[in-house]
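Working notes, beginning with the structure itself.
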Amino acid sequence: MTTKLGFRFGHAFLGASLGAFGLACTTADAAEQITFVSQGGAYQQAQTVAILDPSAKKLGITINQDSIPDAWPAIKTQVGSGKPIWDVVDTPTGYCLRGGEQGLIEKLDFSKIPNAAAMPEAYRSPYSVSYEFYSSVLAFSQKTFPKDAPNSWADFWDVKKFPGRRALRNHPIATLEAALMADGVAPDKLYPLDVDRAFKKLEEIKPNITVWWTSGAQSAQLLNDGEVDMEMAWNGRVSAVAKEGAKVTFTYNQGILQSTSLCVLKGAPNLETAVKFLNEAVDPVHQANLPLNIDYGPGNPKAFDTGVIKPERAAQLPSEPANAAKQALMSYAWWSSPAGEAAEKRWAAFMQK
Amino acid sequence: MLALVSPALLVILLLIVLPVGWLAWQSIYHDGFTLEHYRRILNEDIYWRSFALTFEISLLVTVLALVLGYPVAYAANAVPKAWSVVILALVVLPFWTSVLVRAYAWLALLQRTGVINQFLRYLDVIGEPLALVHNTFGTVVATVHILLPFMVLPLYATMQKIPNDLMQAGASLGGSPAFTFFRVFMPLSLPGVLAGSTMVFVLCLGFYITPELLGGGRTVMVSMLVSRNVELYNQFGAASAVAVVLLLSVLLIFFVVGRFISLDRVLGQK
């Protein structure tokens with residue numbers, strides 16, 4: 001937890017950096033504006049083209065952008081100081097829920113967000129709206145497995161039938177789900193997770209895990225260099241490596257479908273505009289434009305009905321209905337519950353044993 | 001005098017004393033005074049294991065750096081000036097390369113499809129690639145490489161100050177080269193050994209990127225506990241407490257070593 005003193009430091013620091021940014025933007029002379037925060041890099045560029053610029057134009061507002069790899073500590077600091085600077089954040093859905101419970105995130109009025117109201121119940125929460133989907137999938141080398149490739153987490157666990165070096169993410173989220181599916185739990189029967197059973201199953205594969213990766217870049221490098229023959233990885237990372245010529249691919253079968261969501265900081269300076277933007281951002285047409293720019297799926301499944309995404313492109317995306325049906329939808333509600341937090345804490349002890 | 005040093009003092013105050021003070025404060029204060037975080041470090045296994053592993057690896061790295069670094073420093077001191085410049089340049093050049101770059105370079109050398117394994121397989125020395133990285137071995141190799149300059153430079157500085165006359169006197173009294181080395185030169189170089197070892201050991205205690213990239217996730221050093229507490233669990237208090245314990249260990253080491261030798265004299269020439 002951050003202390004009072006911490007808030008003041010954090011606030012001063014953020015204030016200084018954003019102040020400079022704000023000055024540069026005043027020339028736009030927009031009555032309405034918001035500050036939108038995402039994770040930067042190719043991803044934020046893609047959404048700027050597909051969603052942010054068109055939304056700003058349509059609503060006649062100015063969208064100031066900021067980026068941070070991990071928004072959570074900053075959200076805590078800003079809202080704790082009582083004067084948040086950001087309005088809308090694109091962040092892993094779990095943080096929106098946890099933030100909602102801790103009073104850091106605004107409760108949404110869905111009557112003002114008709115685009116989201118039409119989305120499946122599981123894709124939204126009182127505090128958040130799904131914005132884009134990615135998937136933790138089983139990826140493998142086609143050199144090692146030219147045919148009879150592993151196709152399920154049970155295959156990943158089967159070291160006799162599929163000999164080879166393996167990697168998993170050094171993080172319990174999605175990894176526990178994979179372990180349970182390997183142990184025979186159906187993708188739609190995962191929650192609440194049987195944590196004991198999952199860790200027991202993980203103990204089984206632990207001696208055969210060469211690397212526990214910590215960053216997406218690392219997972220891509222492992223597969224690209226042939227350091228491992230199969231691993232859990234994010235679909236976009238695998239397809240990027242494959243595009244560069246590596247003989248690797250992945251299956252959506254038993255993938256774990258994950259999302260980032262949009263949520264609004266409690267006491268956001270431009271609350272009303274932020275909600276207006278939220279509705280616009282999940283508009284099916286804007287959403288359909290996102291996968292044309294990057295390998296992530298739209299948060300709003302209605303995007304697939306717009307005709308913008310060609311069928312062959314749709315087939316590659318994690319949230320395309322047929323692909324989604326093969327996967328487990330992650331329950332962020334469970335992960336942000338006390339049981340979920342306890343499972344996260346247990347991970348460190350598991351790794352060091 | 002005070003006017004002259006005050007800008008420097010101000011910088012130190014702003015950049016070091018205040019953040020460290022804030023850090024320490026966070027570790028004991030959260031909605032009131034609490035020693036919960038320290039209690040956890042004492043009671044929970046994973047903290048003990050990480051601290052033990054970190055001290056083990058640091059000790060191993062220090063010994064290896066000494067074994068490898070001493071001959072290098074000795075050679076740089078013994079050869080003619082022009083050659084010693086070359087030797088020192090070879091020591092210092094990697095020192096100027098980013099730690100991240102060097103960690104990835106070791107990955108390229110050591111991994112399964114890396115240069116070393118490919119070469120050994122080409123020579124038919126091995127059938128299956130050796131597991132040289134994503135374990136403690138890879139971590140130690142890369143860490144020794146990265147920290148070697150911190151061993152060689154203080155050793156060289158100390159050796160340079162050993163008068164050559166003493167060695168000549170020893171030889172003129174009938175001492176063999178080996179005898180004069182062990183009885184005269186080596187004892188006089190001990191302050192350098194202690195200074196270099198302290199530097200390497202203390203720096204190694206805080207290593208983060210190298211074990212993160214080359215340890216395969218299993219070599220969990222203390223600094224990784226700090227980052228995981230912040231990133232995974234959002235527990236700034238717990239992270240601060242671990243950091244404070246690490247900082248105190250380092251200060252304690254400096255204090256103890258400082259009682260035996262004057263570190264600033266060895267590190268600060270003349």
Side-chain angles (χ1 to χ4, degrees), chain A residues 1-10 69-70 72-77 80 94-95 98-99 102 104 141 143 164-165 167-173 206-207 209-215 217-219 221-222 224-229 336 341-353, chain B residues 18-19 21-23 25-32 34 37 40 44-50 52-53 104 107-108 110-114 117-118 128-129 131 133-135 138 209 211-221 224-225 227-240:
Chain A
M1 270 305 163
T2 326
T3 63
K4 268 267 165 53
L5 192 58
F7 292 140
R8 235 173 288 142
F9 275 144
D70 184 4
W72 177 248
I75 294 174
K76 275 180 121 171
T77 312
Y95 289 145
R98 200 174 283 181
Q102 296 182 10
L104 304 172
S141 154
K143 266 194 214 153
R165 291 157 57 103
L168 282 174
R169 187 181 176 203
N170 191 353
H171 200 295
I173 287 190
K206 201 178 176 190
I209 300 295
T210 312
V211 186
W212 297 90
W213 56 265
T214 41
S215 74
Q218 194 189 358
S219 74
Q221 179 260 331
L222 291 169
N224 186 54
D225 293 2
E227 190 61 13
V228 298
D229 302 302
S336 61
E341 287 189 30
E344 274 192 20
K345 295 224 167 92
R346 201 165 147 183
W347 184 262
F350 164 75
M351 282 307 297
Q352 283 186 322
K353 253 192 302 185
Chain B
L18 277 181
W22 176 45
L23 187 82
W25 176 248
Q26 278 199 96
S27 70
I28 53 167
Y29 189 89
H30 167 54
D31 298 337
T34 171
H37 301 305
R40 223 175 37 213
E44 274 184 29
D45 239 17
I46 57 163
Y47 290 104
W48 279 106
R49 279 212 196 97
S50 260
L53 180 78
Y104 272 110
L107 211 53
L110 297 176
Q111 66 184 359
R112 184 160 73 143
T113 52
N117 267 321
Q118 298 278 36
E128 273 299 295
V133 77
H134 300 305
N135 49 26
I209 293 172
E212 184 79 60
L213 282 174
L214 301 169
R218 275 170 300 245
T219 310
V220 185
M221 290 177 68
M224 288 154 80
L225 280 186
S227 88
R228 288 191 82 72
N229 265 314
V230 172
E231 286 169 7
L232 190 51
Y233 309 129
N234 300 306
Q235 295 203 338
F236 291 85
S240 308

Between [X] and chain B, which part of the residue has a heavy atom less than 4.5 Å away: side chain, backbone, both or neither?
X: F350(A); value: neither
X: I173(A); value: neither
X: Q221(A); value: side chain
X: E344(A); value: both

Q: Determine the option with the most heavy-atom pairs under 4.5 angstrom with chain B, choosing from I209(A), D225(A), D70(A).
A: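 Ranked by heavy-atom pairs under 4.5 Å with chain B, first place is D225(A).
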
Q) Picking from H171(A), Q218(A), R98(A), which has the most non-hydrogen pairs under 4.5 angstrom with chain B? A)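 Of H171(A), Q218(A), R98(A), H171(A) has the most heavy-atom pairs under 4.5 Å with chain B.
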
Below 4.5 Å from any heavy atom of chain A, which atoms of [X] appear? Answer side chain, backbone, both or neither.
X: S240(B); answer: neither
X: L53(B); answer: neither
X: E212(B); answer: both

Would you say the side-chain atoms of [X] pair up with the backbone N or O of [Y], donor to acceptor, closer than 3.5 Å?
X: R49(B); Y: E44(B); answer: no
X: N117(B); Y: T113(B); answer: no
X: S336(A); Y: G94(A); answer: no
X: S227(B); Y: M224(B); answer: yes

(Q) Please find the pair of heavy atoms, one from W212(A) and one from R169(A), that lie closest to each other, and give the distance. (A)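 It is CE3-O, 3.7 Å.
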
Q | Non-hydrogen side-chain atoms of T219(B) and N135(B) separated by less than 4.5 Å | A |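 Of all side-chain heavy-atom pairs linking N135(B) with T219(B), none is under 4.5 Å.
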
**Q.** Non-hydrogen side-chain atoms of L107(B) and E227(A) separated by less than 4.5 Å
**A.**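 L107(B) vs E227(A): side chains apart.
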
